[in-house]
Amino acid sequence: MPEKRYYITTPIYYVNGVPHVGSATTTLLCDAHTRYRKLRGDNAYFLTGTDEHAQKVADAAVKVGKIPQAFVDEVSQRFVECWQYLGIEYDSFIRTSEERHKKVVREVFSRLQASGDVYLGVYEGWYSVADETFFRDTDVDENGIVKETGAKVERIQEEVHYFKLSAYGERLKAHIDAHPTFLLPETRRNEVLAMIEDGLRDIAISRKNAGWGIAVPGDPEKVFYVWFDALINYLSDTGWPESPDWNTRWPADAHLMAKEIYARFHATFWPAMLLGLGLPLPKHVVGHGWWTVGGEKGSKSKGNIPEPKAVVEALVAASGASESAAKDALRYYLLRDIRFTDDSEFSLELLANRWNADLGNDFGNVLNRILKATYFDGVVPVNAPLDAGLAALAAETVAGYTKALERFDWGSALASVWPLLRAVNVYLAQKAPWKAAKAGETEAVAEAVYNALEGVRLATYLLSPVMPGVAAEVAQQLGVASLTDGTWEESTRFGTLPGGIRTGEPAPLFPRVDTKILTLTETPMETTPAPSVATETPAETSNEITIDDFLKVELRIADIVAAEKVEGADKLLKLQLKIGEEDRQIVSGIATAYTPEELVGRQIVVVYNLKPRKMRGVESKGMLLAATDAEGNAILLQPDKKADSGSTVR
Ligand code: MSP
């Protein structure tokens, strides 16, 4: 019998949606967890995909004048591209319009029908197309709005097939009681138990056929209700029931999702269907909170939450870091701050804080400081004694990290690495190898350098599922081929960094994000597929550039002819420039340092050939050059004496 794989799934994404940082979070949690299980030696398998049969998908297709199948073919690709952009490595991407899925849906229906779990009835009540959910009178307010989600409902009356969910309450409760970690976190488990206690209601699993969906066998006037269809994806991907190895991927080890689709769908309806089929239940169903913006659920239709690419681009522009580092920093922020019990507020400021404090200060700087000093000519000391305090803390860190991940709690797992990183910083400050080196205390320097590097190595190993690009960069700087090739046992033991290796070129991993210029370029809601994604630039090994690289940047003298504040943005000023004969507008984050009045008449240096972008909806064509003071306020660069407007700066 082939080995059972560690099977992890995301919910499958409504194909008419846009992958934003909220939906990316669930996918990233699964990616990190799969990478983690692989580090532990498991044969892990990660499934994601797109949910394509919703009524709202058909409506969206009509709006753009496409037939639904052509529409979903195009937009499913948007998710594939976004996940690729974020370095997400799944094993399978399932689409519910694929034949391999449709035939399993029909099979599940036929089996449930044969076992008496399905009956024909009439549904009369509320339906929300936005939520693709049937609602009770008590769920809806007097204006026809769903209290929980704010979506509009319509009254429907039609013949449907029902699944006898009400018959499964007792068995579900028994399973939940016998498997304390089946439903995670505990608060959600309690909600589900309360729901079962209240009594589960039978659920409609078919709807009238409006030309889009999987037709019900023997009743082509109807298609399956989108949730019945969609949940089955987890099983169809395994190849059940025909494939000889379907049970190497079933039961799933973990289904991960956010809270709105937890209790009603993944923790009751889906397990009851599996019980009806006589199949084992997933080991863990894990629900996380939402990213909110101003307290409201972040959603692309509200336009309040950005797409990952826009955030990465803003981070690169505000820090000068590589795209790969910015992607990893976004991955880190999303998994560090998403919570399992409560919601979390998404903001660029909080992200910049995580970057500057956790990643820049505590993590990146320590490595850079040691490597730049080139103790021992850049060779890792051999046979240095291990520091007992750091070794003990490292063991504690690994234990805390592992424990948190038994419950899929990535926020706590990541947080558990920071005491180790901070201890390495304190250790270095105390041991002061730079002083010991001056005093010629070679052994003391060797001990300090080795232990600090080893602390960073072990921390990076634990961070690698979340920041794989950064882990590769740290490996290069440490002079090893990879930090993740060894076994889990070896790699989590303090003291495995080989001595005698020559370290690589040091380069700052996370140059400081300038919060004054950290702004999103507005990306209008797309109705057509996103263009194919740019391939990732190779990780830089050093931040040196050639003269040719420098000459690509066109710097010119400009005169400021007018300036005003950008409405709704405390830090931004809109400047009208004269560059030679040309009129130009730029937006700049200098409002905390200069009033509009004191700018008019000045000459400045601008990056002339910068790609135009929008900041707070205002077009900016170019960027001015400025230094910053200790508080982060801008100090404008200007020519020493009057220069010709439009002249080139070299
Ligand atoms: N298609 C259904 C799932 C079917 S699974 C059999 C669906 N799709 S969705 O695209 O609307 O949402 C997919 C997932 O995106 C949600 O479960 C959730 O995990 C995630 N998120 C969407 N918005 C989110 C936030 N604002 N915050 C965190 N996660 C959120 O539901």
Side-chain angles (χ1 to χ4, degrees), residues 8-31 47-57 60 72 75-76 78-79 82-83 88 94-97 101 104-105 108 128-133 149-151 188 205 224-237 252 254-271 273-274 282 285-308 333-335 337-347 408 410-411:
I8 305 179
T9 76
T10 63
I12 47 172
Y13 299 87
Y14 280 128
V15 80
N16 60 325
V18 177
H20 54 71
V21 293
S23 38
T25 300
T26 320
T27 330
L28 285 168
L29 281 166
C30 291
D31 182 56
L47 167 72
T48 187
T50 43
D51 178 358
E52 305 186 357
H53 287 137
Q55 190 182 324
K56 57 187 170 187
V57 172
V72 295
V75 292
S76 175
R78 189 183 287 173
F79 286 85
C82 182
W83 305 153
I88 288 167
I94 192 158
R95 297 183 51 195
T96 55
S97 60
H101 171 71
V104 177
V105 172
V108 167
S128 156
V129 176
D131 295 332
E132 298 291 5
T133 302
T149 65
R188 280 188 223 295
I205 57 167
F224 289 113
Y225 166 47
V226 66
W227 271 98
F228 178 77
D229 161 347
L231 286 162
I232 293 169
N233 88 88
Y234 304 127
L235 198 54
S236 16
D237 183 67
H255 291 318
L256 273 84
M257 77 224 58
K259 62 182 185 181
E260 80 281 16
I261 59 172
Y262 187 85
R264 204 192 298 264
F265 297 116
H266 284 85
T268 49
F269 184 20
W270 174 231
M273 280 162 69
L274 289 166
V285 180
V286 190
H288 60 81
W290 285 335
W291 283 110
T292 56
V293 179
E296 266 191 64
K297 182 183 181 223
S299 92
K300 201 63 197 177
S301 56
K302 288 189 207 137
N304 61 355
I305 193 154
E307 288 175 49
Y333 168 64
L334 294 177
L335 299 200
D337 282 357
I338 195 71
R339 285 183 291 174
F340 279 78
T341 40
D342 300 310
D343 296 337
S344 313
E345 184 71 6
F346 178 88
S347 91
F408 303 86
W410 274 93

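Whatever order the structure lists ligands and atoms in, that order sets their numbers, starting from 1. In what follows, residues are counted from 1 in the order of the sequence shown.
- A side-chain donor-acceptor contact under 3.5 Å links Glu132 to the backbone of Gln55.
- Numbered from 1 in the order shown, with element, the atoms of ligand 1 that lie under 4.0 Å from a heavy atom of Tyr234 read 5 (S), 6 (C).
- Residue Ile305 has no nitrogen or oxygen atom sitting less than 3.5 Å from a nitrogen or oxygen atom of ligand 1, judged on distance alone.
- Proximity of a side-chain donor or acceptor of Tyr333 to a complementary backbone N or O of Phe346 within less than 3.5 Å is not detected.
- With Lys56 contributing its side chain and Ala130 its backbone, the two residues share a donor-acceptor pair below 3.5 Å.
- In the vicinity of Thr26, heavy-atom distances shorter than 4.0 Å reach the ligand 1 atoms 18 (C), 19 (O), 20 (C).
- Those atoms of ligand 1 with a heavy atom of Ile261 less than 4.0 angstrom away are 3 (C), 17 (O), 31 (O).
- Residues His266 and Tyr234 bring their aromatic ring centres within 6.0 Å.
- Residues His255 and Trp270 bring a donor and an acceptor atom of their side chains to less than 3.5 Å of each other.
- Ligand 1 places these atoms under 4.0 Å from at least one heavy atom of Ala230: 6 (C).
- Counting atoms of ligand 1 from 1 in the listed order, those under 4.0 Å from a heavy atom of Met257 are 19 (O).
- Closest protein heavy atom to atom 16 (C) of ligand 1: Glu260 OE2, 3.5 Å.
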Test side-chain contact (heavy atoms from CB on, under 4.5 Å) applied to Val18 and Arg78, step by step: CA-CA 8 Å; Val18 177; Arg78 189 183 287 173; 3.5 Å; yes
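- Taking any N or O of Ala258, backbone or side chain, at least one lies under 3.5 Å from an N or O belonging to ligand 1.
- The protein heavy-atom contact nearest to atom 23 (N) of ligand 1 is His20 CE1, 3.4 Å.
- Among protein heavy atoms, atom 29 (N) of ligand 1 sits closest to Gly22 O, 3.3 Å.
- The only member of Val57, Asp51, Thr50, Asn16 that meets side chain to side chain contact (heavy atoms under 4.5 Å, CB included) when paired with Val72 is Val57.
- Separating the OH atom in Tyr225 from the CG atom in Leu231 is a distance of 9.0 Å, to the nearest 0.5 Å.
- Of the N or O atoms in Tyr14, one or more lie within a sub-3.5 Å distance of an N or O in ligand 1.
- For ligand 1, the atoms closer than 4.0 angstrom to any heavy atom of Trp227 are 2 (C), 3 (C), 4 (C), 5 (S), 6 (C).
- From the protein, the heavy atom lying nearest to atom 27 (N) of ligand 1 is Trp291 N, 2.9 Å.
- Taking any N or O of Tyr13, backbone or side chain, none lies under 3.5 Å from an N or O belonging to ligand 1.
- Here the heavy atom of the protein found nearest to atom 2 (C) of ligand 1 is Ile12 O, 3.4 Å.
- Remark: side-chain polar atoms of Ser236 are not paired, donor with acceptor, to backbone N or O of Val104 under 3.5 angstrom.
- Considering each of Ser344, Gly17, Gly298, Pro11, the one bringing a non-hydrogen atom nearest atom 26 (N) of ligand 1 is Gly298.
- Distance check, rounded to the nearest 0.5 Å: OG1 of Thr25 to CG of Leu334 gives 4.0 Å.
- Taking every non-hydrogen atom of Gly289 and a distance limit under 4.0 Å, the qualifying atoms of ligand 1 come out as 28 (C).
- Looking at Asp343 and Thr292, their side chains never bring a donor and an acceptor atom within 3.5 Å of each other.
- Using a 4.0 Å cut-off to heavy atoms of Asp51, the atoms of ligand 1 that qualify are 1 (N), 2 (C), 4 (C).
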